[in-house]
Structure formats: structure tokens, C-alpha cells
Amino acid sequence: MNSPEQPLPTFDEVLLCTPQTSAEQVGLFLRRCLIPCRGGEKIYTMLYADELSYDVSCRAEELFQHLQRYNGSYRLIILCNCERDNSYLPSAFSHYKVHMIPQRSRAEIQQYLQHHFRVAQPSNSAASVFKEDMCVGIVSSERAGMGK
């Protein structure tokens, strides 16, 4: 995010974990991250790793320990809910924990995201629903089931 021209992460750099995420999915992701290739300087991110099942988490840690021997310069970020940091994967990687303070203001982050999510040539598309021709938006409500 050093410049507005830096791209957003690609689909292969992010794994959004759920309780249904399989060991195979996590394994493929870790292999992309930890096996050296000509892919450049990608930053891999596992989101909600605390949601993984115990079995998948154990297998992920074993695979990580095995694969990290092949690549000492990997870039892996594991994001977890701070209220669930006692689940298996956050506990297993706790010695790598780094407390982060955002380096950019909220306004700068929003501006960066707006640059990337704005529809280039507005037309009769779903982007017209969101503010300022954005192709993504968040719809929320204080009450469930209100027709979102």
C-alpha cells in the first residue's frame, strides 16, 4: 500500500478459513507460500485461521514445519480473532506473534481501497447501487432479517 498503483492481493495469495476449510486447501496454500518459485515477492495471508478444525490445524502446522526448511524468505501473515487466540493454530504460532499498529490512517486505507474498487466506466451495472461507483459495498443492519 505504499502507492495507489500497488495491486490488491490476488486470489492465490489469500486463504479465507472457515470450519469447513479442508486440510488439502490449507496444504495447497502453504505450498504456494513456502515452496520457492519465480512468482515474485507475494505476501500470503490466512484469514480467520482460528476457525480451522483441530485436525486441519494440526496438519497445517506439521506441513508448515516441514516446508519452511525449503524457503527461509517466505512472507506469511496469519490473522485470527483476538478472542480466539487460544485455538490450536494461533497457539502453535504464538512465538511468531507480532503486534501491529497500522502505519496508515483510516482515511488513507479507504482512499487506497476506493482507488482499486471503483468501476472504471460506470454503466448500468450493480456498481451503480453503491456510493461513488464502487464495485463492492457492505450492507449491514442492527437487526437480523431486515431484507438486506
Side-chain angles (χ1 to χ4, degrees), residues 1-121 125-127 129-142 144 148:
M1 203 183 104
N2 291 329
S3 80
E5 303 312 314
Q6 273 187 308
L8 292 169
T10 58
F11 70 93
D12 66 328
E13 294 175 87
V14 178
L15 178 64
L16 180 60
C17 301
T18 68
Q20 291 74 38
T21 302
S22 69
E24 181 182 9
Q25 290 171 306
V26 175
L28 290 171
F29 179 78
L30 289 174
R31 282 179 178 83
R32 278 195 302 266
C33 173
L34 295 168
I35 294 178
C37 66
R38 294 179 286 142
E41 296 293 319
K42 293 185 174 187
I43 300 173
Y44 293 89
T45 307
M46 288 179 68
L47 298 170
Y48 305 116
D50 54 291
E51 295 281 329
L52 295 173
S53 70
Y54 180 80
D55 292 336
V56 171
S57 295
C58 289
R59 290 176 65 186
E61 182 196 14
E62 288 172 13
L63 183 61
F64 175 83
Q65 298 298 338
H66 174 74
L67 292 176
Q68 78 170 352
R69 291 183 243 154
Y70 299 106
N71 186 2
S73 63
Y74 61 89
R75 295 173 164 196
L76 175 62
I77 298 170
I78 301 175
L79 295 174
C80 302
N81 182 340
C82 64
E83 294 174 3
R84 292 181 43 115
D85 64 352
N86 60 344
S87 60
Y88 186 86
L89 215 53
S91 296
F93 288 90
S94 63
H95 56 284
Y96 295 106
K97 187 185 286 188
V98 175
H99 293 282
M100 293 296 298
I101 297 171
Q103 301 296 309
R104 305 279 187 216
S105 70
R106 183 176 182 166
E108 287 176 305
I109 293 170
Q110 287 174 334
Q111 186 177 17
Y112 172 80
L113 292 173
Q114 285 175 352
H115 173 76
H116 287 285
F117 288 127
R118 183 167 284 120
V119 175
Q121 298 193 354
S125 71
V129 173
F130 298 113
K131 285 191 225 177
E132 301 172 4
D133 297 315
M134 294 291 138
C135 63
V136 296
I138 297 174
V139 178
S140 65
S141 173
E142 294 291 322
K148 295 182 284 298

Check for a donor-acceptor pair, side chain of E13 on one end and backbone N or O of I43 on the other, with a separation under 3.5 Å. yes

Does any part of the side chain of I77, heavy atoms only, come nearer than 4.5 Å to the side chain of M46, both counted from C-beta? no

Before you tell me yes or no, could you show the steps for V56 and L89 under side-chain contact (heavy atoms from CB on, under 4.5 Å), namely the whole-Å CA-CA distance, both residues' side-chain angles and the distance that decides it to 0.1 Å? CA-CA 9 Å; V56 171; L89 215 53; over 6 Å; no

Heavy-atom check, side chain of L34 versus side chain of R69, under 4.5 Å: no

Under 3.5 Å, side chain of E108 to main-chain N/O of S105, donor-acceptor pair present? yes

Between T18 and L52 the two heavy atoms that sit nearest each other are O-CD2, 4.0 Å

Got a donor-acceptor contact below 3.5 angstrom from the E51 side chain to the Y48 backbone? no

Looking at every heavy atom in both C80 and P90, which two are closest together, and how far apart are they? SG-CG, 3.4 Å

Checking D50 side chain against R84 main chain: does a donor-acceptor pair fall under 3.5 Å? no

More than 12 non-hydrogen atoms from neighbouring residues, nucleotides or ligands closer than 6.0 Å to CD on Q111, yes or no? no

Sequence neighbours left out, what passes ring-ring contact (aromatic ring centres under 6.0 Å, His included) with F117? Give chain and number order. none

Only pairs at least two apart or in different chains count here, so list each ring pair (Phe, Tyr, Trp, His ring centres under 6.0 Å) that has a residue in residues 8-32. F29-Y44

From CG (L15) to CZ (R32), nearest 0.5 Å: 7.5 Å

Check this for me: Y96, atom OH, are more than 12 non-hydrogen atoms of other residues, nucleotides or ligands nearer than 6.0 Å? yes

Checking S53 against D55 for the side chain to side chain donor-acceptor pair (under 3.5 Å) test, could you report, in this order, the C-alpha distance in whole Å, the side-chain angles of both residues, the deciding distance, and whether it holds? CA-CA 6 Å; S53 70; D55 292 336; 5.5 Å; no

Give a yes or no on this: more than 12 heavy atoms of other residues, nucleotides or ligands lie within 6.0 Å of atom CD of E83. no

